[in-house]
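In what follows, a single structure is set out as structure tokens and then discussed.
Side-chain atoms are counted along with the backbone in the values below, which use heavy atoms only and exclude waters and symmetry mates. Start at 1 with the first residue, then count along the sequence.
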Amino acid sequence: MLKEFQEFISKGNVIDLAVGVIIGGAFGLIVKSLTDDIIMPIVGAIFGGVDFSNYFLPLASGVTATTLEAAREQGAVFAYGNFVTVVINFLILAWIIFIMIKAVNRMRRTMDKPKATPNQPAPPPADILLLTEIRDLLAKRDDPTRIA
């Protein structure tokens, strides 16, 4: 059983998946920072200096705080501003992944195309091939050395 586990772990797919998860986690942090530190402040400035991360509706009567973190300590809140930030995070990440997949697909199509060699002429059209075949058959028929 240990040997089977070792074979499973040493397969390329498992290692590729592990690398993908690690890089994905790090990339997620980069996108979160991009959203929280660059995009959302710009969006907030456009809408009059609004900080979306602290937009919430109190669901309990005892919630009187003005920041989301403090309000969560006082009771239940509906944190729609944080949700907007997370949705923008997701859209940015999905867009970047889409662009990456599109680039990989374009690269694969380029690699899969048969490469024409400049020294090799293009094959003749089908009608020329047919005429050549007929000519060769007629030449065989008229050949005096041919045994009938």
Separation of [Y] [atom2] from [X] [atom1] (nearest 0.5 Å):
| X | Y | atom1 | atom2 | value |
| --- | --- | --- | --- | --- |
| I96 | L34 | CD1 | CG | 7.0 Å |
| L137 | T132 | CG | OG1 | 11.0 Å |
| E73 | T67 | CD | OG1 | 8.0 Å |
| I97 | I92 | CD1 | CD1 | 12.0 Å |
| L131 | I134 | CG | CD1 | 5.5 Å |
| R72 | N82 | CZ | CG | 5.5 Å |

Is there a continuous path of hydrophobic side-chain contacts, each under 4.5 Å between heavy atoms, that joins [X] to [Y]?
| X | Y | result |
| --- | --- | --- |
| M100 | W95 | no |
| F56 | V84 | no |
| F98 | F90 | no |
| I30 | I22 | no |

Which atom of [X] lies closest to which atom of [Y], heavy atoms considered:
| X | Y | value |
| --- | --- | --- |
| I128 | P124 | CG2-CB, 4.1 Å |
| A65 | A70 | CB-CB, 3.5 Å |
| V77 | P58 | CG1-CA, 4.2 Å |
| V63 | A76 | CG2-O, 3.9 Å |

>> I need the single residue from V104, N105, I99 that forms a side-chain contact (heavy atoms from CB on, under 4.5 Å) with I101. Which is it?
In response: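 Exactly one option meets the side-chain contact (heavy atoms from CB on, under 4.5 Å) with I101, and it is N105.
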> So which pairs with a foot in residues 60-88 pass ring pair (Phe, Tyr, Trp, His ring centres under 6.0 Å), sequence neighbours left out?
Replying inline: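 Listed by first then second residue: Y55-Y80.
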>> Using a 4.5 Å cut-off between side-chain heavy atoms of Ile, Leu, Val, Met, Phe, Trp and Tyr, which other residues end up in the same hydrophobic cluster as L29?
In response: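 Reading the cluster by chain and number, L29 sits alone, since nothing else belongs.
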> In chain order, what residues pass the side chain to side chain contact (heavy atoms under 4.5 Å, CB included) check against D127, with sequence neighbours excluded?
Replying inline: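 Applying side chain to side chain contact (heavy atoms under 4.5 Å, CB included) to D127 gives P125.
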